[in-house]
Protein chains: 2
Amino acid sequence: MKAIRKVSTLKTRTARLSPEEIGRTFRERGLKVTPQRTAIYQTLIESPVHPTADHLYTQVKRVYPMLSLNTVYHTLGVLRNAGLTHEVNYWHDRSQFDGNINPHHHLICLGCRMIQDLTDASLDRLTVSSVRRTGFEVTGHQVEFYGYCTRCRRRNPAAKRKRKEWSV
Amino acid sequence: MKAIRKVSTLKTRTARLSPEEIGRTFRERGLKVTPQRTAIYQTLIESPVHPTADHLYTQVKRVYPMLSLNTVYHTLGVLRNAGLTHEVNYWHDRSQFDGNINPHHHLICLGCRMIQDLTDASLDRLTVSSVRRTGFEVTGHQVEFYGYCTRCRRRNPAAKRKRKEWSV
DNA sequence: TTATCTGCAAAGGCTTTGCACGACT
DNA sequence: AGTCGTGCAAAGCCTTTGCAGATAA
């Protein structure tokens, strides 16, 4: 596989939605509309940095000084369950280690959290030409495939699957 | 880009090294050779599941009942600094959220931990044919490019870079 | 011998849970 | 009115730090 030549874009600023649009989004998904929740979501989608809970807390607290960190966590959980946000590092609750130091990729089961190595020379050669223009120096890359392993599929077919809190 | 047709392999069992080979590996890198360390590393590289610290602790404790969890963490840190292991989810110390729910990929700065969105239709279409044979049902995927952002490169050129504890 | 490793204990940081009050539908 | 959200507090979990004794080079 050669370098990817298709158009790709780096997003430096995300969507800006009005509070009204956010309220509509919430109601569509059956979420109550509150000022804190609206502010947290707005801050999240406008942030270019994939903020932490504490980051959002600090930002939104400027507008709502009574805000508690707990509410931020709770709200993020609600947004996640509603499919309005993803956790970038959703396995944050524990570190996992990989003794394979050769380039490789991962198959990640969303059911049982199993991570399996995938070796594929084509994936090893992925590049994105547009990145070079941005000044970002790429030193490596890795592809993650998400899904369900055989055992989890047997135990829990797609039809009856519940969205796990850590799913993407 | 079409489905990748090159040979790819799923690793179900990892390397098996003798204690002597492990000892040599350690000495080559200036690490002391101890029974616990050898056992932890051997368990790590033989594990197909990308174990957690606790997982390794439980396993190795069967052979060395006096083993402490602290030693496992310390050893993993040493192995990581020596380049003998990577942390799969090296941002485990905090959750980060992404308000962009469209398919996209990430540029991750190992210097400042910045995560930037990368939209690229070609990357969106990646598939690995060999996965289908294994019974793993892929529901999504994502590419992570690691490296250094412009600011970190200016502040800390490649030549003087120290390996951060969270680097891959 | 000397640097470093191990194990115990305690601390630290982030996240979740429980509960009462308040707000949204 | 009823359900759900918010804020405070406390607990929980994982990981790191500090230190004394033990071990490898």
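Bear in mind that the values here come from a model prediction, so they are computed numbers and not experimental data. Residue numbering restarts at 1 for every chain, and letters A, B, ... go by the order of the sequence lines.
With the nearest nucleotide of DNA chain C identified for both B:Gly30 and B:Ser95, B:Gly30 has the one nearer the 5' end.
Across the protein-nucleic acid pair, B:Leu69 atom CG and C:dC8 atom P stand 11 Å apart, rounded to whole Å. In this entry the distance linking CD of B:Gln96 with P of C:dC14 reads 12 Å, nearest Å. The nearest whole Å value for the distance from the CD1 atom in B:Ile40 to the P atom in C:dC5 is 12 Å. Rounded to an integer number of Å, the gap from CD of A:Gln36 to C1' of C:dC24 is 11 Å. Computed from coordinates, the A:Arg24 CZ to C:dC24 P distance equals 19 Å when rounded to whole Å. Following rounding to the nearest Å, B:Arg37 (CZ) and C:dT4 (P) show an atom-to-atom distance of 11 Å. A:Leu76 places its CG atom 15 Å from the P atom of C:dC14, with the value rounded to the nearest Å. A straight line from NE2 of B:His74 to C1' of C:dT4 spans 7 Å, rounded to a whole angstrom.
No side-chain donor-acceptor contact under 3.5 Å links A:Asn89 and B:Asn89. In this structure, a donor-acceptor pair under 3.5 Å is absent between the side chains of B:Tyr57 and B:Gln59. Using modelled atom types and a 3.5 Å distance limit, the side chains of A:Asp120 and A:His104 yield no donor-acceptor pair. No donor-acceptor contact under 3.5 angstrom links the side chains of A:Thr25 and A:Glu28, judged on distance only. A donor and an acceptor atom, one from each side chain of A:Asp124 and A:His105, are located under 3.5 Å apart.
For the segment residues 49-57 of chain A, the set of residues with a heavy atom within less than 4.0 Å of an atom of DNA chain C is empty.
Contact between the side-chain N/O atoms of A:Ser68 and the OP1/OP2 oxygens of D:dC8 is not found at any separation under 4.0 Å. OP1 or OP2 of D:dT6 lies within a sub-4.0 Å distance of a side-chain N or O belonging to A:Thr75.
Atom CZ of A:Arg151 has 12 or fewer neighbouring heavy atoms from other residues, nucleotides or ligands inside a 6.0 Å radius.
Taking the six-membered ring for Trp and thresholds of 30 and 60 degrees, B:His50 and A:His106 have ring planes more than 60 degrees apart, a perpendicular arrangement.
Scanning all heavy atoms of the two residues, the minimum distance from A:Arg153 to B:Gly135 falls at NH1-O, 2.6 Å.
Which of C:dG7, D:dG7, D:dC14 sits closest to the side chain of A:Arg94 comes down to D:dC14.
A side-chain donor-acceptor contact under 3.5 Å links A:Thr85 to the backbone of B:Asp98.
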| Sugar-phosphate or base contact per nucleotide [nucleotides 18-25 of chain D; S, B, -; heavy atom under 4.0 Å] | B-----BS

